[in-house]
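Reckoned from all heavy atoms, side chains included, excluding hydrogens, waters and symmetry mates. All chains are named by letter (A, B, ...) in the order of the sequence lines, taking the proteins before the strands, and each is independently numbered beginning at 1.
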Amino acid sequence: MFHAASLPRGAPSHAYPWLMSKETVGGSTECVTRFAPSPTGHLHIGGARSALFCWAYAKRMGGRFMLRIEDTDAARSSDESARGIMEDLAWLGIEWDDGPSLSLRDGRVVGAHARDVGGYFQARRVPLYNRFIEQLVKAGRAYPAFESNEEIEAQRKLAVAAKQTYRYPRPAEIEFAVFNAALESRWKRACAGESHVIRFAAPREEVVVPDQVLGDVKIAAGELDDFVIRKADGFPTYHFAVVIDDQTMGVTHVMRAQEHLANTPRHVALQRALRDEKTGAPFRTPGYAHMPLIFNMDGSKMSKRDKAKFARKAAKDAIAKDAPARERIIAGTGLPEKSISDFLAGDTDAVEIAEKVGRFMGLTLPEVEVHDFRANGYIPAAIINFLALLGWNPGMKTADGKDLEKFDMKFIAEHFSIERIGRTNAKFDRAKLLSFNADAIGAMSDAEFAGLWRVWCEEFEPPFAKVVPGDGWETLGRAVKARAKTFRDAVKASAFLMLDDNTYPFDPAAVAKNLTAADGAGLAMVRAVRERLAGLDPFDAGLIHSILEQLAQHSGGMGAVAQPIRVALTGSAVSPPLGETLAVLGKARTLTRLDRCLRLLSV
RNA sequence: GGCCCCGUCGUCUAGCCUGGUUCAGGACACCACCCUUUCACGGUGGGUACAUGGGUUCGAAUCCCAUCGGGGUCACCA
């Protein structure tokens with residue numbers, strides 16, 4: 001027997017001639033990949049990686065990347081979700097050639113030149129699915145089944161109780177691949193409107209999934225049961241819609257997470273049973289590539305519930321340390337007492353509650369959706385680079401012999417290959433992402449950083465954006481850029497700006513060390529600096545800096561000058577460089593603060 | 001539990017296909033030192049890994065087998 005595992009990875013399987021796809025490099029058919037999310041929420045970071053890999057492969061092969069919305073779950077799908085997913089993809093820079101169109105802020109339209117394939121929302125393609133359902137029934141490869149969901153569920157429970165795998169038993173009257181009288185009668189009942197589902201008559205032979213990452217994956221005969229391909233509500237199931245669409249939309253390569261691997265035999269079996277409406281030829285089996293899964297550092301799945309877990313733990317810790325904290329949280333979030341107690345008890349993982357608690361407590365909740373990363377100040381380029389490395393590696397070295405791991409989408413589009421996708425599940429290391437983001441920020445010019453940071457602040461930190469003087473962004477940005485791994489960090493580093501000039505508190509330790517020690521030497525320095533600053537015009541970072549330097553020459557170093565000023569100005573011993581800090585604060589606010597400090601602390 | 005996938009530093013990984021050049025290289029994180037007006041940035045250095053056990057071979061992280069471990073999946077959700 002042919003041993004697939006001995007094949008080089010990525011090689012086509014010669015054991016199954018129908019798989020010999022013509023859709024290879026240089027062939028007449030161009031490569032088409034697709035990302036097919038179901039619009040039931042935001043774009044998950046793992047989904048973003050799937051989309052990126054699909055995009056990358058299509059670009060590398062000079063083909064097309066398609067976005068298809070799998071909204072066959074009428075109850076859970078929503079248009080808002082679909083739009084949100086598209087916006088997240090566009091924000092990351094993953095743009096689709098084919099798919100619904102989306103207008104960007106800059107006026108461009110993604111998907112403007114999409115091929116006409118009859119719609120990219122599955123819910124609008126139902127008549128197409130139904131034609132193929134009928135084809136399958138007439139061929140004796142699918143049949144209506146009339147059991148209710150409850151009946152099936154009861155039987156499944158029985159099987160589970162007996163520690164057996166439940167498989168729907170094919171009715172004795174159904175003959176494989178024959179449209180017999182019994183089937184015809186069932187079909188008539190179904191067409192007459194009797195409630196039913198359509199089940200696929202699965203083959204009773206081994207099914208092979210040709211996977212370009214894992215090699216051929218064989219599923220023994222009898223593992224597949226007669227699964228449902230059309231639900232009672234008339235919508236196709238995922239398995240059916242995906243096969244019909246991939247065929248009719250010309251998809252040549254299916255790349256998705258490994259959690260789908262176990263479903264793939266169903267798809268392959270379906271493909272072998274279905275015929276093209278025009279040519280009568282069997283459906284193509286696309287090239288499959290299942291990529292490794294992404295987990296949290298502790299091995300759990302990355303899920304929205306992580307936010308609730310994180311916020312709950314922080315809240316519980318705070319309450320354990322200080323019982324009244326509970327009341328403060330209730331008051332501070334404006335949430336009903338019941339919501340908070342349910343939340344703390346773990347009865348609900350509602351994201352809205354988690355986010356309110358998180359905001360009130362000043363927590364940064366773990367990001368799991370693309371939008372979370374965006375809201376927390378991450379840069380698309382850093383996310384893309386990091387994601388690309390999760391399960392793929394270019395296997396190249398830099399000029400100085402290190403592993404190449406910093407690259408952009410252009411590089412990915414030029415070098416991506418399925419052969420270099422790994423097979424091992426990966427853990428999502430936020431620390432490394434953060435480091436990538438810091439590097440991306442560090443690589444920006446001051447002007448570039450200031451511009452992007454400002455736009456971000458205006459959307460996600462409006463109160464802060466308001467206190468930054470219009471002409472102060474670049475000066476401030478220059479001062480905090482190196483201190484920020486994210487845009488939000490840069491806001492934190494600029495916290496001094498948000499302080500109320502007349503009420504901000506002083507850190508006693510910092511005061512003792514830098515102001516009142518040595519008979520108030522620090523205070524004397526504050527006084528001296530205040531005198532010089534009072535007459536300064538313009539109040540410019542460079543000029544301020546040189547004044548401080550002059551002072552430093554006569555008083556034993558910069559430390560003796562800078563630290564007292566820092567404490568006087570911000571209440572703490574930590575701040576960005578003083579020139580920029582004072583300049584952005586402005587002369588009036590600076591003098592107000594220095595005067596207040598002198599007034600409060602002088603003896 | 002059945003079926004399937006996977007197993008190199010704490011994490012992402014290079015190396016594995018084409019066994020020796022590897023007492024295993026890089027990055028992030030961590031620690032130490034240097035730089036320094038604080039905090040950062042930056043620089044230098046350091047520790048930590050081939051899951052285990054059997055083979056094959058002169059020689060195995062690399063090939064084979066077993067065990068153990070991790071994960072996925074078993075829906076009228078995708």
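Pairing for A24(B) is absent, judged as Watson-Crick or G-U wobble with the two contacts each under 3.5 Å. With a cut-off of 3.5 Å on both Watson-Crick or G-U wobble distances, the partner of U52(B) is given as A66(B). C30(B) is paired with G46(B) under the criterion used here, namely a Watson-Crick or G-U wobble arrangement in which both key atom distances are under 3.5 Å. U73(B): Watson-Crick or G-U partner is G2(B), with both key distances under 3.5 Å.
Residue contacts shown for Arg199(A) are limited to sugar-phosphate atoms, with no base heavy atom under 4.0 Å away. Phe227(A) comes within 4.0 angstrom of nothing in the nucleic acid, heavy atoms only. Val228(A) comes within 4.0 angstrom of sugar-phosphate atoms only, judged by non-hydrogen atoms across all strands, and of no base. Counting non-hydrogen atoms under 4.0 angstrom, Arg230(A) reaches nothing in the nucleic acid. Contact annotation for Ser300(A): no contact, since no heavy-atom pair falls under 4.0 Å across all strands. Within the nucleic acid shown, His290(A) has no heavy atom closer than 4.0 Å to any nucleic acid atom. At the heavy-atom level, Lys513(A) lies nowhere under 4.0 Å from the strands shown. Note on Asp225(A): nothing from the nucleic acid sits closer than 4.0 angstrom, heavy atoms only. Among the atoms of the strands shown, none is found under 4.0 Å from any heavy atom of Glu549(A).
For Arg430(A) and Phe428(A), the positive end is not near the middle of the six-membered ring at less than 6.0 Å and at most 45° from its axis. By the 6.0 Å and 45° rule, Arg199(A) stacks over the aromatic ring of Tyr168(A). The side-chain tip of Arg189(A) points at the ring of Phe146(A) from less than 6.0 angstrom away and within 45° of straight on. By the 6.0 Å and 45° rule, Arg266(A) stacks over the aromatic ring of Phe227(A).
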- Task: Let me see the working for Thr248(A) and Arg125(A) under side chain to side chain donor-acceptor pair (under 3.5 Å), right down to the final yes or no.
- Result: CA-CA 11 Å; Thr248(A) 58; Arg125(A) 296 165 60 84; 2.9 Å; yes
- Query: Between Ile85(A) and His42(A), does a side-chain contact (heavy atoms from CB on, under 4.5 Å) hold up when you go through it step by step?
  - Reply: CA-CA 6 Å; Ile85(A) 288 170; His42(A) 293 282; 5.9 Å; no
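The side chain of Thr165(A) lies closest to G2(B), out of U73(B), A78(B), G2(B). Listed candidates were G2(B), A14(B), C4(B). Nearest to the side chain of Lys397(A) is A14(B). Each of A78(B), G71(B), C76(B) was ranked by its minimum atom distance to the side chain of Tyr238(A); first place goes to A78(B). Checking A14(B), A27(B), C76(B) against the side-chain heavy atoms of Asp403(A) singles out A14(B) as nearest. The side chain of Val217(A) sits closest to C5(B) out of C76(B), C12(B), C5(B). Taking only side-chain atoms of Asn393(A), from C-beta outward, the nucleotide of G26(B), U13(B), G72(B) with the closest atom is U13(B). Nearest to the side chain of Ala232(A), among A78(B), G72(B), C76(B), sits C76(B). Among the nucleotides A78(B), C4(B), C76(B), the one closest to any side-chain atom of Leu261(A) is C4(B).
G15(B) and U8(B) have their P atoms separated by 14 Å, given to the nearest Å. Nucleotides A60(B) and A24(B) have their P atoms positioned 16 Å apart, rounded to a whole Å. Between U48(B) and U57(B), the distance separating the two P atoms is 34 Å to the nearest Å. With P as the reference atom, U11(B) and C76(B) are 38 Å apart, rounded to whole Å. To the nearest whole angstrom, the two P atoms, one in A51(B) and one in G10(B), are 12 Å apart. Distance noted for atom C1' between U36(B) and C28(B): 25 Å (whole Å). With C1' as the reference atom, C9(B) and G46(B) are 14 Å apart, rounded to whole Å. Rounded to whole Å, the P atom of C63(B) lies 5 Å from the corresponding atom of C17(B).
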- Note on the structure: Heavy-atom contacts, protein to nucleotides 28-47 of chain B, under 4.0 Å, summarised as B (base), S (sugar-phosphate only) or - (none) per nt, yield B--------BBBBS------
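In this structure, Phe449(A) and Trp453(A) have parallel ring planes: the angle between them is below the 30° cut-off, well short of the 60° mark.
Look at Arg420(A) and you'll find a side-chain N or O under 4.0 angstrom from OP1 or OP2 of G15(B). Close to G26(B), at under 4.0 Å from its OP1 or OP2, lies no side-chain N or O of Thr398(A). An OP1 or OP2 oxygen of G7(B) is reached within less than 4.0 angstrom by a side-chain nitrogen or oxygen of Thr424(A).
With ring centers used as reference points, His267(A) lies under 6.0 Å from His239(A).
For the pair Phe235(A) CZ and C76(B) P, the computed distance is 17 Å after rounding to whole Å. At whole-Å resolution of the value, CG in Asn425(A) and P in U11(B) are 13 Å apart. Rounded to an integer number of Å, the gap from NZ of Lys427(A) to C1' of G72(B) is 15 Å. We find that CG of Asp400(A) is positioned 16 Å from P of G25(B), with the value rounded to whole Å. Look at CD on Gln258(A): it is 7 Å from P on C6(B), rounded to the nearest Å. If you measure from atom CZ of Phe240(A) to atom C1' of C77(B), you get 18 Å, rounded to the nearest angstrom. Computed from coordinates, the Gln155(A) CD to C74(B) P distance equals 19 Å when rounded to whole Å. For the pair Asp216(A) CG and C5(B) C1', the computed distance is 14 Å after rounding to whole Å.
When the nearest nucleotides of RNA chain B are assigned to Phe386(A) and Thr72(A) by heavy-atom distance, the more 5′-ward of the two goes with Phe386(A). Between Met297(A) and Leu293(A), the residue whose closest nucleotide on RNA chain B is further toward the 5' end is Met297(A).
Salt bridge absent: Arg83(A) and Glu80(A) never bring a charged side-chain N and a carboxylate O closer than 4.0 Å. A salt bridge is defined here as a Lys NZ or Arg NE, NH1 or NH2 lying under 4.0 Å from an Asp or Glu carboxylate O, and Asp489(A) with Arg483(A) fails to meet this definition.
Between Leu224(A) and Phe200(A) there is no side-chain heavy-atom pair separated by less than 4.5 Å.
Nucleotide C30(B) is shown with an anti base, its glycosidic torsion being more than 90° from 0.
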